[in-house]
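Submitted below is the structure of interest, expressed as structure tokens.
Residue numbering restarts at 1 for every chain, and letters A, B, ... go by the order of the sequence lines.
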Amino acid sequence: MMFTTKVLENKEITASLYYLKLQVPDKFNAMPGQFVMLKINDSFDPILRRPFSISGFSKNRIEILYKVIGKGTKLISHKKVGDEVNIIGPLGNNFNIDNSKIPVLIAGGYGVAPLLFLAKNIRKYSKNKKIVFLFGAKSKKDIMLRKEFKKYAITLNVATEIGGTGYKGLITDLLKYLLDNKTLLPEKIKIYACGPEKMIKEISKIASQTNISCEVSLEALMGCGIGVCLTCVCATKFGLYKHICIDGPIFDSTIIKL
Amino acid sequence: MMFTTKVLENKEITASLYYLKLQVPDKFNAMPGQFVMLKINDSFDPILRRPFSISGFSKNRIEILYKVIGKGTKLISHKKVGDEVNIIGPLGNNFNIDNSKIPVLIAGGYGVAPLLFLAKNIRKYSKNKKIVFLFGAKSKKDIMLRKEFKKYAITLNVATEIGGTGYKGLITDLLKYLLDNKTLLPEKIKIYACGPEKMIKEISKIASQTNISCEVSLEALMGCGIGVCLTCVCATKFGLYKHICIDGPIFDSTIIKL
Amino acid sequence: MINLGVNIGEIKLKNPVMVASGTFGYGEEYSKYIDLNKLGAIVVKSITLHPREGNLPPRIVETSAGILNSIGLQNVGVHTFIKEKLQFLKQFKTAIIVNIAGNTVQEFIELVKILNDTSGISGIEINISCPNIKYNTKNHLAFGQNPKLTYKLTKDIRKATKLPLIVKLSPEVTDITVIAKACEDGGADALSLINTFPGMAINIETREPKLANIIGGLSGPAIKPIAIRLVWKVFNAVQLPIIGIGGIFSAEDALEFIIAGATAVAIGTANFVDPEITLKVIDGIKNYLAKHKINNINQLIGSLKIEKEKL
Amino acid sequence: MINLGVNIGEIKLKNPVMVASGTFGYGEEYSKYIDLNKLGAIVVKSITLHPREGNLPPRIVETSAGILNSIGLQNVGVHTFIKEKLQFLKQFKTAIIVNIAGNTVQEFIELVKILNDTSGISGIEINISCPNIKYNTKNHLAFGQNPKLTYKLTKDIRKATKLPLIVKLSPEVTDITVIAKACEDGGADALSLINTFPGMAINIETREPKLANIIGGLSGPAIKPIAIRLVWKVFNAVQLPIIGIGGIFSAEDALEFIIAGATAVAIGTANFVDPEITLKVIDGIKNYLAKHKINNINQLIGSLKIEKEKL
Ligand SMILES: Cc1cc2nc3c(=O)[nH]c(=O)nc-3n(C[C@H](O)[C@H](O)[C@H](O)COP(=O)(O)OP(=O)(O)OC[C@H]3O[C@@H](n4cnc5c(N)ncnc54)[C@H](O)[C@@H]3O)c2cc1C
Ligand SMILES: Cc1cc2nc3c(=O)[nH]c(=O)nc-3n(C[C@H](O)[C@H](O)[C@H](O)COP(=O)(O)OP(=O)(O)OC[C@H]3O[C@@H](n4cnc5c(N)ncnc54)[C@H](O)[C@@H]3O)c2cc1C
Ligand SMILES: Cc1cc2nc3c(=O)[nH]c(=O)nc-3n(C[C@H](O)[C@H](O)[C@H](O)COP(=O)(O)O)c2cc1C
Ligand SMILES: Cc1cc2nc3c(=O)[nH]c(=O)nc-3n(C[C@H](O)[C@H](O)[C@H](O)COP(=O)(O)O)c2cc1C
Ligand code: FES
Ligand code: FES
């Protein structure tokens with residue numbers, strides 16, 4: 001659905017990363033993995049909407065965690081409480097939770113957005129379920145929302161490229177390490193990953209090599225977000241294109257070709 | 001000169017008319033009649049700067065009185081205290097005050113902007129000089145800044161098209177009336193006028209018929225404001241074009257052809 | 001009562017607001033946002049004889065007030081279109097125009113023959129101007145850039161079908177009136193203009209084109225002034241009704257095209273930004289006509305006022 | 001040390017950043033904002049044999065990410081130019097390129113002959129593509145839209161002068177490489193592309209064109225993707241150095257043109273919005289080269305990376 005709504009909050013939580021909270025109508029219902037297309041303003045420069053994962057949902061309210069990248073996100077960061085924004089959503093499919101397995105959530109950078117929502121949702125339905133959350137970033141300051149994770153009793157396994165907190169190295173190295181030392185057992189876990197393409201690629205490789213069930217959230221330049229413009233294609237191992245906005249953004253890692 | 005500065009104030013003073021106050025550098029010095037070119041933001045839509053008369057100047061500060069017309073002025077009206085704006089100015093020529101004559105300032109709508117500055121300036125240099133100020137507008141609510149005029153001991157002669165305060169009718173009818181009943185004597189006065197083209201046309205006609213010395217402030221679509229793009233031309237009675245941005249915006253009413 | 005109905009050749013539209021090929025899919029997605037019955041016409045995404053996978057991604061770049069796309073005519077092929085997509089579209093009381101693309105005259109003819117036997121189609125739009133595929137013509141220019149090829153193609157298709165025939169022109173020509181006349185002479189019933197402009201964008205960090213296909217088609221408000229001028233030029237050169245296309249994002253934009261000479265307009269890129277835009281444009285046109293006391297939209301077509309000596 | 005110098009034929013530029021004809025007057029106004037010595041070259045507003053008053057106002061319309069202008073070659077005429085304007089420009093250590101426009105081959109030749117005898121001129125740019133004047137050619141098309149006329153004009157002017165000769169092309173052609181080759185064959189030293197696109201805007205309240213001249217030339221970021229693609233196309237078709245023009249508002253934009261194949265760039269509309277833009281672009285290019293460890297700008301020209309199979 002499309003609607004115009006109000007900014008409830010829009011604040012920088014760490015360097016160039018913002019937390020945006022928006023009012024949504026009663027009928028709005030979202031699942032982890034889904035996204036919205038946000039209209040920046042009435043100008044034609046920039047002209048396209050911007051896709052953002054929903055990183056939290058409660059009645060009449062969604063949360064978006066976004067990084068300032070270019071023109072569009074910069075303008076969004078200037079929005080003040082009470083400003084109007086136009087939204088299309090929720091869009092796309094969602095993560096499929098396999099209750100029989102331990103969920104291992106792997107986030108790179110702002111890829112944490114949909115996984116935070118996923119983690120909260122899993123916690124909502126089972127208070128004691130073990131949730132493994134691997135969070136990779138450049139440096140310590142990029143590991144944000146620690147309080148929020150704590151509130152939902154989710155323990156973070158952190159990796160930073162330049163070190164300073166947690167594991168020093170890539171989040172995928174941490175994953176390998178945890179698999180190697182049998183902290184994580186392939187047949188007992190299911191991976192849910194979101195982050196930069198390189199990370200998704202590497203995780204998909206590890207998952208396929210070790211036979212871990214794995215879902216990844218993909219990104220693409222999007223013209224419409226609703227399956228019409230045919231810009232957001234992603235190659236699959238079966239030769240056919242999938243459309244990330246409607247067939248995804250969540251895919252089983254075994255079918256996609258990055 | 002070109003500079004980026006801060007909004008000191010930007011508030012609506014009557015329906016869709018705003019008073020914008022901007023900080024300016026030490027070197028900035030303006031005369032009544034001059035204008036600035038204001039850059040709206042970094043977007044290319046809208047792309048051009050917008051011209052605005054300077055309606056007040058004191059050290060390190062200018063005032064602009066603007067009406068929300070379209071895309072550009074709407075965006076300017078959203079600017080908040082502390083927001084940055086980029087300015088080129090002061091630009092153009094200025095009113096030539098003839099001290100031997102009684103100044104009759106005639107404003108239509110937001111045409112009041114440069115004349116307010118002119119009135120203040122005349123008052124600044126002579127406390128007791130008689131200033132006649134004719135202010136025409138649609139309705140009572142469009143006659144704004146009464147306090148400001150009072151502060152500078154300027155009595156307004158108001159005309160409103162739909163009546164409600166002062167003379168009911170066009171400001172040019174009021175002018176004719178004051179000439180007819182000899183309240184204003186052609187040889188004793190000089191007219192300074194700014195307002196819609198129709199008003200300027202009519203006043204120029206009256207001035208030429210009655211031999212009143214008269215200066216008018218003109219408007220034109222402007223690409224650059226500094227004499228380069230050659231878009232802002234205005235025909236003269238001598239067959240040649242004048243450029244409103246550098247030869248004007250103030251012209252002797254006898255030379256222009258509207 | 002204000003009359004909004006217009007005719008594109010024999011196609012009767014309840015209002016002049018259509019959607020442009022490739023920007024509305026086959027209608028399914030938008031049916032969740034708007035009532036498709038309200039549209040003047042739906043032009044479907046270009047259909048080819050066989051399914052096409054389209055170009056490699058990335059396929060889109062945002063530019064100032066526009067987008068470059070290089071979809072490359074990805075589509076389900078005419079057979080699946082008829083079996084699946086058209087079935088869905090048929091349920092609406094809206095004219096369905098099938099846009100077809102081919103690499104050879106033969107392909108176009110085959111497509112037309114298949115569509116001849118299909119019910120529920122109000123007309124055919126031939127796309128001789130897609131900037132995203134390579135043609136087997138001299139210099140790889142599109143059919144629509146060569147008046148002789150345009151004439152021949154139009155005439156051959158004309159012979160092959162009784163369905164109303166719309167030709168969609170490329171703006172990348174020296175004199176669009178020459179192409180327009182070729183279409184008229186070949187027997188076209190109407191013209192659509194314009195298709196996208198070939199354009200390019202470069203990632204200066206990697207020094208690679210931003211589109212995998214190197215070039216793409218520019219659409220959106222950026223091209224509107226060019227499109228309006230071409231519509232006006234063609235309106236003054238041929239008798240055929242014109243469907244004005246290019247950067248329409250509001251009723252005001254649509255009205256500019258109509259005053260310039262367009263009998264109808266088609267909305268493209270704007271659908272992506274606002275799925276409800278078509279209905280807003282229809283309402284806006286209605287309000288304009290009411291305000292200006294015009295009771296028939298046809299009075300507005302080509303009503304641009306120009307002092308004689310300027311022509 | 002990073003080398004920013006480039007050659008346009010025999011014209012040596014200290015850096016590749018020029019200003020486009022008609023957007024910088026004769027330099028006087030901008031000298032209050034920037035040091036003209038820092039520019040690569042100044043191309044002056046089109047000069048004609050006799051002074052021209054230009055078109056009636058209104059002469060400008062703001063469009064989405066662009067402007068339409070219809071100045072109509074208002075200028076002081078070649079004699080006043082030489083006497084007054086050139087005197088001012090000569091004091092700067094910057095290449096001065098004189099853009100000339102004429103209605104007939106004869107007018108161009110006369111202009112060139114006058115300029116031959118004038119000192120302080122680094123080169124001539126011939127404007128065969130102004131959308132704002134009516135030509136005495138077939139269909140009123142500009143010289144630059146006809147390869148034969150372009151060839152003849154270039155050749156005749158080539159014979160008439162030893163000054164470096166730049167031809168400024170119109171984008172409104174079916175295949176710009178044909179025109180570019182005509183210039184090359186005619187003996188041009190370089191090409192400028194692009195001039196503005198003919199465009200139009202309509203006031204829907206009055207139903208009149210927004211420009212008194214009805215049509216105007218579209219410039220600004222709106223046309224950038226088209227311009228880059230045309231530069232790349234021409235770069236791959238001829239050997240002449242190219243001056244890339246069209247919507248350059250930043251160093252990034254300029255670099256896109258250079259990577260696509262432009263030896264230099266000219267900034268137009270952006271000067272109106274930011275009188276200091278040229279210097280910002282020069283600095284930005286310098287920073288880019290430093291960051292990418294490129295010590296000579298010439299290495300960047302036409303360095304677009306494209307996988308072979310895509311060509
Ligand atoms: C399904 C999906 C979910 C996303 N979720 C989030 C999120 O939760 N938080 C977040 O910070 N970002 C998210 N992104 C990325 C976000 O959309 C881009 O960072 C944003 O569009 C950049 O816009 P810009 O104008 O600032 O950047 P620019 O680089 O100026 O944008 C230019 C164009 O490229 C597009 N673009 C640039 N980067 C991306 C990208 N990575 N993915 C898709 N389009 C891009 C823009 O939409 C625009 O059309 C998501 C993307 C997708 C596809
Ligand atoms: C010398 C000068 C002094 C001015 N002083 C004032 C002033 O003190 N207060 C005030 O409210 N307005 C003033 N104006 C008019 C003001 O510039 C326009 O109202 C404003 O540019 C409208 O911009 P917009 O985007 O809101 O309107 P739009 O109509 O969307 O603008 C579209 C384009 O037309 C131009 N334009 C529209 N109306 C005018 C106009 N009347 N004059 C010039 N360009 C126009 C815009 O600059 C823009 O390029 C002045 C104009 C000039 C030339
Ligand atoms: C993503 C996209 C896909 C398109 N696909 C087609 C197509 O398949 N066939 C066609 O004739 N035109 C196609 N077009 C062109 C549009 O129909 C239209 O002519 C063009 O976009 C200009 O209109 P606009 O500025 O309103 O978008 C496409 C345009 C876009 C943006
Ligand atoms: C107001 C204006 C006047 C122009 N006058 C001329 C001219 O006299 N001669 C010419 O060759 N080009 C002229 N041009 C075209 C520019 O030189 C340039 O080719 C075009 O504007 C595209 O560049 P831009 O997008 O950077 O403005 C003019 C452009 C503008 C905007
Ligand atoms: S973004 Fe348009 S189809 Fe996916
Ligand atoms: S506004 Fe450019 S010359 Fe006056």
Quiz item: Can you tell which of D:Leu255, D:Leu304, D:Ile228 has the highest number of heavy-atom pairs within less than 4.5 Å of chain C?
Solution: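 Looking at each of D:Leu255, D:Leu304, D:Ile228 in turn, D:Leu304 comes out on top.
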
Practice problem: Kindly indicate, with the supporting measurements, whether the criterion side chain to side chain contact (heavy atoms under 4.5 Å, CB included) is fulfilled by C:Ile215 and D:Trp232. | Solution: CA-CA 10 Å; C:Ile215 70 154; D:Trp232 180 69; 4.3 Å; yes

Self-check item: Gap separating the CZ atom of D:Arg207 from the CD1 atom of C:Ile259, nearest 0.5 angstrom
Solution: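 Between D:Arg207 CZ and C:Ile259 CD1, I get 6.0 Å after rounding to 0.5 Å.
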
Quiz prompt | Contacting moiety of C:Leu230, where chain D heavy atoms sit under 4.5 Å | solution = side chain

Quiz item: Is there a donor-acceptor pair closer than 3.5 Å between any side-chain N or O of D:Tyr288 and the backbone N or O of C:Ile204?
Solution: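 Judged by distance alone, yes, a pair lies under 3.5 Å.
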
Self-check item: Minimum side-chain heavy-atom gap C:Glu205-D:Lys291 below 4.5 Å
Solution: yes

Practice problem: State whether the side chain of C:Gln145 and the backbone N or O of D:Thr174 hold a donor-acceptor pair below 3.5 Å, judged by distance alone. | Solution: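 At least one qualifying donor-acceptor pair exists.
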
Self-check item: Atom group of C:Leu68 that falls short of 4.5 Å from chain D, counting heavy atoms
Solution: side chain

Quiz item: Which heavy atom in D:Pro209 sits nearest to a heavy atom in C:Ile306, and how many Å separate them?
Solution: CG-CG1, 4.0 Å

Self-check item: Within 6.0 Å of NZ in C:Lys152, more than 12 heavy atoms from elsewhere
Solution: no

Quiz item: Between CD of D:Glu307 and CG of C:Leu56, what distance do you get to the nearest 0.5 Å?
Solution: 8.5 Å

Quiz item: If you measure from NZ on C:Lys233 to CD1 on D:Ile214, what distance do you get to the nearest 0.5 Å?
Solution: 13.0 Å

Self-check item: Check: C:Pro225 and D:Met200 side chains under 4.5 Å, non-hydrogen atoms
Solution: no

Quiz item: chain D heavy atoms under 4.5 Å from C:Thr63: which part of the residue, side chain, backbone, both or neither?
Solution: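 The answer is the side chain of C:Thr63.
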
Quiz item: Would a 4.5 Å heavy-atom cut-off, applied to side chains only, mark C:Glu172 and D:Ile176 as touching?
Solution: no

Quiz item: Looking at C:Gly199, C:Ala227, C:Ala65, C:Pro171, which makes the most heavy-atom pairs under 4.5 Å with chain D?
Solution: C:Gly199

Self-check item: For the student: nearest non-hydrogen atoms of D:Thr206 and C:Lys305, plus distance
Solution: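 Shortest heavy-atom contact: O-NZ, 3.4 Å.
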
Quiz item: When only pairs under 4.5 Å are counted, which of D:Ile226, D:Asn146, D:Ile179, D:Asn203 shares the most heavy-atom pairs with chain C?
Solution: D:Ile226

Exercise. Please confirm whether the backbone N or O of C:Ile202 pairs with a side-chain atom of D:Glu256, one donor and one acceptor, at under 3.5 Å?
Key: yes

Exercise. Under 4.5 Å, counting heavy-atom pairs only, tell me which of D:Glu252, D:Lys224, D:His292, D:Arg229 racks up the most with chain C.
Key: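 That would be D:Arg229.
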
